[in-house]
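Below is one structure, written out as structure tokens; comments come after it.
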Number of protein chains: 2
Amino acid sequence: MSEQLGPRPAARQAGAGRAQRVTMADVAAKAGVSRTLVSLILRDQPGAGAATRDRVLRAADELGYRPDSAAQMLARGRSRTLGVMLDLDQPFHAEMVKAVYPIAERLGYDVLLSAVAPGRDERRALGALLGHRCEALVLLGSDADARLLASLAESAPTVVVGRKAGAPGVDSVRTAETKGVRQAVDHLVELGHRRIVHIDGGKGPGSSDRRSAYRAAMRRRGLAEEVRVIPGAHDEDAGIAAGTLLLGEESPPTAVLAANDRCALGLMHALRGGRVEVPGEVSVVGYDDSHLSHLSHINLTTVRQDTESIAEQAVRCAVERLEHAALPGRDVALDPKLIVRATTAPPRRNLLIEASTN
Amino acid sequence: MSEQLGPRPAARQAGAGRAQRVTMADVAAKAGVSRTLVSLILRDQPGAGAATRDRVLRAADELGYRPDSAAQMLARGRSRTLGVMLDLDQPFHAEMVKAVYPIAERLGYDVLLSAVAPGRDERRALGALLGHRCEALVLLGSDADARLLASLAESAPTVVVGRKAGAPGVDSVRTAETKGVRQAVDHLVELGHRRIVHIDGGKGPGSSDRRSAYRAAMRRRGLAEEVRVIPGAHDEDAGIAAGTLLLGEESPPTAVLAANDRCALGLMHALRGGRVEVPGEVSVVGYDDSHLSHLSHINLTTVRQDTESIAEQAVRCAVERLEHAALPGRDVALDPKLIVRATTAPPRRNLLIEASTN
DNA sequence: GTTCATGATGAGAACGGTCTCTCGCTCCAT
DNA sequence: ATGGAGCGAGAGACCGTTCTCATCATGAAC
């Protein structure tokens, strides 16, 4: 242990050698005014003379003053901080976060990130956010059950992105899966495809919606008997597995609607490995328009979720609920947009079969 | 109790409708002890009777008490929080963060994430971390110049991951590029390759080291006249460009050492698109061992940076500097390991030429 | 010349914790 | 008895802000 001479020697010595944090008091002293006034001026509030204002601002700048958000939070009773929980492995989450930053900033909120990781489940990730006094939570692709969500909502406004919340008092923002899927199916049908299968996303967020939307869209086009769902997931391996499965079939589909872009990529890889051309022999549609799909060598036709708007709505929901307490739980569904690139084309009859029996 | 005619009604009403935050005072009241004791017990310090301890813990649990880290920071003078700056688009960063979490936790540190994004440069990302009172900073793949690093280091211990820091008082942790590259080259040479090119990472972190390491390794194997570096970058497009270039050549290399996995992927895609088999006609080695390379359909031979150890060292550096103030700047270089998978094999003479003129 | 808004400034109490100190007790050697 | 140790518990200062309220000039209005 440390010898105890002065008050809290440990704390002092921890930062030893390092410049002490510059506080408002230092600025006040340097400018020759009171702390109160410094606070006022730094927060850009009226009530200080122009000359004083200048002097204080200059002093703050020279000292390299940086407000201590811990103290601010404590004093304000509000942190003006939004917590975002995400999965670092999901490119879509990355896109969302990028979109959330500027929006939150515009509304005067700070953003804190907390990732789920092996050994760090949602509960912990969220606990960290709450501990850091986030006033509202945005959950990207959460698996949380209704009970957890409900209990969260008791301590902070909670918005779930990408799926229905299923808990009272919790907002959700997501893509209108029905429309996205329908656009994709319509596109394929108009190209001349009939045998269109769907690789689903298993129990991932939004996938049950997409599944039923696919069925509905097919029925709507009179293709009820062609409906076929292959169980999958939101990663490359699922796509590979499905691709391998299809390669072995006698009369495989001419088009595939994948669970998401990663899944589509896996699928395409498997198909091309089996010498099946995309889109020559099989058309592939992804879902997400993640940065992967833009890449020139991939050039994936995909359904773009409007990240920008989703982020905007999510932040807005959180903030509104923060300000007007108990609103009813909202469920915002945004229109997605089909981005046609190079992986879809009219079907070429029988080529697939030929190729796969090479 | 505070039934008094409200000081700060604004603050109170901001959280209107929402349950008030449970504080230590509430727990203390419920357990019939003082705040001090509650604090003691919750921090797991000696000095409280077993019975009291139980009573307090139960009370805290029942009330759903959650320590307020803002207040803790303020009171402690220390935040015990590590700030990590990252780029959400880099899979390697994701791996790092996943590794950092448990290590930091073991050392009793909290982790805050701040991402760079369009419209949010390193300066801002770091400002956010500092504002939230991070005691130390870990920068993943930073572009920051020496001046910025030096000024950062004045306010908090700073560790740069993936490149040399180049600023005094700033630690760096990275892979011993020389060894990784040498292993890769040796592996290829032992398989029988001589014509081995390197696609470099442009001005990305670590790439100049890899470039010279490649030259050295080639010379060491007596292949000085085979040295060839193709300018590239750390993404798929660079790989494609290089691949396209090579496809057009008369006597292309039999093996390629890519800047990183993403680059390798692009390269492979381009090659396969040109009907060139990997590894049959060209062997490809990546760098990073990101989750992409594990995928069964990719199965990339790659140089694994030991994420685990890098994270450990980075956190350790930060913490040690935190505790022992002004140590000299360290530069830890960790041994990488070549992971041989399915994209490397002995060369087949002339096949590449045949294939590419098909 | 006294009274009053008005605008600039300062004093001091929160906020929710941590930490040092002191206090009252019991236990045991003198 | 007497005087410490040793331990459980509480008092109160403090961390760096924000916010309310009081104070103090200053000049316009009466």
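Numbered from 1 within each chain, the chains take letters A, B, ... in sequence-line order.
- Residues meeting the side-chain contact (heavy atoms from CB on, under 4.5 Å) test with A/Ala136, sequence neighbours left out: A/Leu82, A/Pro157, A/Ala318, A/Leu322.
- Neither OP1 nor OP2 of D/dT17 sits under 4.0 Å from any side-chain N or O of A/Arg76.
- Summarising the geometry, atom CG belonging to B/Leu74 is positioned 11.0 Å from atom OG belonging to B/Ser69; distances are rounded to the nearest 0.5 Å.
- In the set D/dT17, C/dC19, C/dG17, the nucleotide with an atom closest to the side chain of B/Ala71 is C/dG17.
- Mapped onto DNA chain D by nearest heavy atom, A/Thr23 and B/Ile41 fall at different nucleotides, with B/Ile41 at the one closer to the 5' end.
- Every side-chain contact (heavy atoms from CB on, under 4.5 Å) that A/Arg80 has, sequence neighbours left out, goes to A/Arg78, A/Tyr109, A/Glu135.
- Going from atom CG of B/Leu40 over to atom P of C/dT18 covers 10 Å, rounded to whole Å.
- Remark: P of C/dC15 and CD of B/Gln72 are 18 Å apart, rounded to the nearest angstrom.
- Using five terminal pairs a side, the axes of the helix from C/dG1-D/dC30 to C/dT30-D/dA1 at its two ends make an angle of 70°, given in steps of 10 degrees.
- Interface residues of residues 52-62 of chain A facing DNA chain D, ordered by number: none; criterion, heavy-atom separation under 4.0 Å.
- For B/Leu74, the side-chain atoms get nearest to D/dC15 when compared with the rest of C/dT18, C/dT9, D/dC15.
- Note on residues 54-71 of chain A: pairs passing salt bridge (Lys or Arg N to Asp or Glu O under 4.0 Å), not counting sequence neighbours, are A/Arg21-A/Asp68, A/Lys30-A/Glu62, A/Asp68-B/Arg133.
- Across the protein-nucleic acid pair, B/Met73 atom CE and C/dG16 atom C1' stand 13 Å apart, rounded to whole Å.
- Whole-Å rounding puts the B/Arg133 CZ to D/dG16 P distance at 6 Å.
- At a threshold of 4.0 angstrom between heavy atoms, the contacts of B/Gly49 are confined to the sugar-phosphate backbone, with no base atom among them.
- Heavy-atom nearest nucleotides on DNA chain D were determined for A/Arg43 and for A/Asp68, and the one closer to the 5' end corresponds to A/Asp68.
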Audit row: B/Ser39, B/Arg43, side chain to side chain donor-acceptor pair (under 3.5 Å) steps and yes/no: CA-CA 6 Å; B/Ser39 168; B/Arg43 273 176 301 139; 2.8 Å; yes
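- For residues 160-172 of chain B, the set of pairs meeting the salt bridge (Lys or Arg N to Asp or Glu O under 4.0 Å) definition, not counting sequence neighbours, comprises B/Asp171-B/Arg321.
- The phosphate of D/dT18 has neither OP1 nor OP2 within less than 4.0 Å of any side-chain N or O from A/Arg78.
- A/Glu105 is linked by a side chain to side chain donor-acceptor pair (under 3.5 Å) to B/Arg124, counting only residues two or more places apart in sequence or in another chain.
- Checking the phosphate oxygens (OP1, OP2) of D/dG16, no side-chain nitrogen or oxygen of A/Arg66 falls inside 4.0 Å.
- Rounded to an integer number of Å, the gap from B/Gln45 CD to D/dG10 C1' is 16 Å.
- Remark: A/Asp26 engages no residue in a salt bridge (charged side-chain N to carboxylate O under 4.0 Å, His left out) (not counting sequence neighbours).
- Listed by first and then second residue, the salt bridge (Lys or Arg N to Asp or Glu O under 4.0 Å) pairs that reach into residues 137-151 of chain A come to none, sequence neighbours excluded.
- Evaluation of the side-chain contact (heavy atoms from CB on, under 4.5 Å) rule for A/Leu37 yields A/Val33, A/Ser34, A/Leu40, A/Ile41, A/Ala48, A/Thr52 as partners, not counting sequence neighbours.
- Atoms CZ (B/Arg21) and C1' (C/dG17) sit 11 Å apart, rounded to a whole Å.
- For the pair B/Leu42 CG and C/dG17 C1', the computed distance is 11 Å after rounding to whole Å.
- With sequence neighbours excluded, the residues that form a side chain to side chain donor-acceptor pair (under 3.5 Å) with B/Arg330 are B/Glu320.
- What you find for B/Val116 and B/Ala125 is that their closest heavy atoms are CG1-CB, 4.2 Å.
- For DNA chain D, the neighbouring residues in residues 25-38 of chain B, judged by any heavy atom under 4.0 Å, are B/Val33, B/Ser34, B/Arg35, B/Thr36, B/Leu37.
- Contact check, B/Ser39 against C/dG17: no side-chain N or O comes under 4.0 Å of OP1 or OP2.
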